[in-house]
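Values below: every heavy atom of this structure, side chains too, minus hydrogens, waters and symmetry copies. From a predicted model like this one, the values you see are computed outputs, not experimental measurements. Numbers restart at 1 for each chain; the letters A, B, ... are given by sequence-line order, proteins then strands.
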Amino acid sequence: MSKKPQTVRGMNDILPEVAASWQYLEKEVETVIEAYGYRQVRLPLLEHTEVFRRSIGEVTDIVEKEMYTFDDDGDSLTLRPEATASMVRAGITHGLFHNQKQKLWTVGPMFRRERPQAGRYRQFHQFDVEAMGYDGPDVDAELIVMSARLWARLGIDRIRLEINSLGVPESRVAYRDALVEYFNGVKNQLDEDSIRRLDTNPLRILDSKNPDMQDVVAGAPVMMDYLDEASAEHFEGLRALLDVAGVEYEINPRLVRGLDYYSRTVFEWVTDALGAQNAVCAGGRYDGLIEKLGGRPTPAIGWAMGVERFVALYEACGGKIPEVRPDVYLVAVGEGTLERAFALAEELRADLDGVRVETNLGGGSFKSQMKRADKSAATYALILGEQELSEGRIGLKPLRGNDEQESIALGDLASVLKQKLSGQGSQQE
RNA sequence: GUGAAUGUAGCUUAAUGGCAAAGCCCCAGACCGUGAAUCUGGUAGAUAUCGGUUCGAGUCCGAUUGUUCACCCCA
């Protein structure tokens with residue numbers, strides 16, 4: 001055990017069984033996202049540290065203590081802790097926002113140096129969807145509806161939507177001041193964390209889970225009362241569209257996000273199925289970010305979904321992953337059969353596109369080859385022995401039913417298989 | 001980052017401080033050219049790591065490390 005190398009803390013190997021779940025679910029997500037006209041981009045994992053400092057915010061936990069940052073010959077580089085900043089940077093770099101709107105998505109690993117826990121890892125994975133150049137609220141609603149469609153499609157029901165509006169920066173500043181004033185007035189009732197946040201991020205005090213704090217929090221001023229008129233109208237527009245789409249939501253006036261760049265619409269899909277890691281998919285509008293990073297003023301909104309949490313939630317909701325198994329397993333025993341079987345397998349793969357043909361590798365007795373065929377869960381075993389070879393035929397044995405083994409002329413094999421496999425589908429439960 | 005629990009074969013789990021076990025998995029055979037059932041046999045652990053207490057430590061103590069739970073944070 002001691003000699004076995006270990007993964008770096010908080011980093012996971014995704015082994016075949018789990019990877020199969022990921023593959024299946026990632027494909028589902030892509031199908032939904034692309035149905036809304038979003039196009040995929042693939043971005044570097046490394047950015048100049050400055051990109052994240054300026055977008056996420058200097059005083060956020062992510063920037064202050066969770067980033068993997070290193071010096072690269074005088075350049076400070078950072079493994080991306082989230083995708084939005086990189087997406088915006090890429091758009092600016094390539095002029096994607098010059099009189100253009102963009103609907104983009106990406107998926108991949110993110111890195112945050114947090115203390116690991118189930119559903120929280122130092123390398124984790126996110127789907128990220130961003131719409132730039134749209135000032136909403138129709139696009140706000142569409143992005144939320146898109147995620148709702150995904151849950152519905154996959155039978156994910158232990159999830160609910162919370163929305164809020166943070167207003168424009170000016171109204172947010174006014175609100176923040178009011179909040180600080182209120183909390184300072186009741187400072188003797190605040191817990192240690194909240195007193196600390198008073199200086200750093202007073203909005204987060206609203207998020208406190210400390211039961212002793214609930215009364216204090218309940219009496220705090222509410223963001224909605226500080227919203228500027230345009231933001232309030234925007235929010236009403238979003239609500240109306242969500243109603244039209246039949247998406248249920250809850251207005252959570254205490255919903256704030258941990259990244260500084262958000263403005264107006266923020267939302268979070270939360271679940272009770274994953275313990276403390278209850279946010280599965282969350283996002284919001286960031287109308288000031290593109291300009292802040294050096295682009296033209298461009299409104300934008302997006303969301304990110306944690307793949308690990310998404311997969312866990314799917315399973316918690318009873319979701320199943322379709323098994324992928326071979327269609328045929330080719331057994332070859334006896335003089336000269338290996339060579340013929342090897343060539344035959346290639347012929348089948350060429351003639352029957354997409355059919356999964358597994359050949360027995362490494363020899364073995366007839367019995368052990370048949371055992372492997374059974375264990376592979378293939379639909380059929382193809383049996384090529386000396387007798388079959390001399391007759392130009394091959395045995396086709398169903399492994400998943402009581403049907404008799406058939407003898408097929410080698411020349412007819414491809415067409416017979418094609419018929420049999422299309423008749424019952426190449427995938428079963 | 002704070003507090004707590006936990007770590008024994010690939011997996012699941014045994015072992016009053018006294019010889020480290022079992023089931024599953026895997027391999028082979030019983031069975032001749034036919035898988036699954038049954039039976040027989042076989043492979044495999046420096047009990048996470050380092051140190052301490054003890055005649056003797058998987059078991060007790062300390063540190064380290066991984067994982068997990070809550071906080072924190074967030075996807």
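Base pairing of B:A70: its partner is B:U2, meeting the Watson-Crick or G-U wobble criterion (both donor-acceptor distances under 3.5 Å).
In the interface, the side chain of A:R309 is paired with the base of B:C74 through a donor and an acceptor atom under 3.5 Å apart. Evaluation of atom-type donor-acceptor distances gives no pair under 3.5 Å for the side chain of A:Q277 against the base of B:A70. A donor-acceptor contact under 3.5 Å is not formed by the side chain of A:Q405 with the base of B:G35. Below the 3.5 angstrom threshold, one finds a donor paired with an acceptor across the side chain of A:R115 and the base of B:G3.
The gap from the P atom of B:C27 to that of B:A36 amounts to 11 Å, rounded to the nearest Å. The gap from the C1' atom of B:C61 to that of B:U67 amounts to 22 Å, rounded to the nearest Å.
Side-chain N/O atoms of A:R264 and A:S231 include a donor and acceptor closer than 3.5 Å. Under 3.5 Å, the side chains of A:S194 and A:D191 contain a donor-acceptor pair of N or O atoms.
Under the 4.0 Å criterion applied to side-chain N and carboxylate O atoms, A:R393 and A:E406 are not assigned as salt-bridge partners.
For B:A75, the base is not stacked against the aromatic ring of A:F310, per a cut-off of 5.5 Å between centres and 30° between planes.
A syn orientation is assigned to B:A46, its glycosidic angle lying within 90° of 0.
Contacts classified as side-chain hydrogen bond (donor to acceptor under 3.5 Å, both in side chains) and involving residues 302-319 of chain A (residues at least two apart or in different chains) are given here: A:H125-A:E308.
Distance, A:Y121 OH to B:C73 P: 20 Å, rounded to whole Å.
Taking only side-chain nitrogens and oxygens, A:K375 comes nearer than 4.0 Å to OP1 or OP2 of B:C26.
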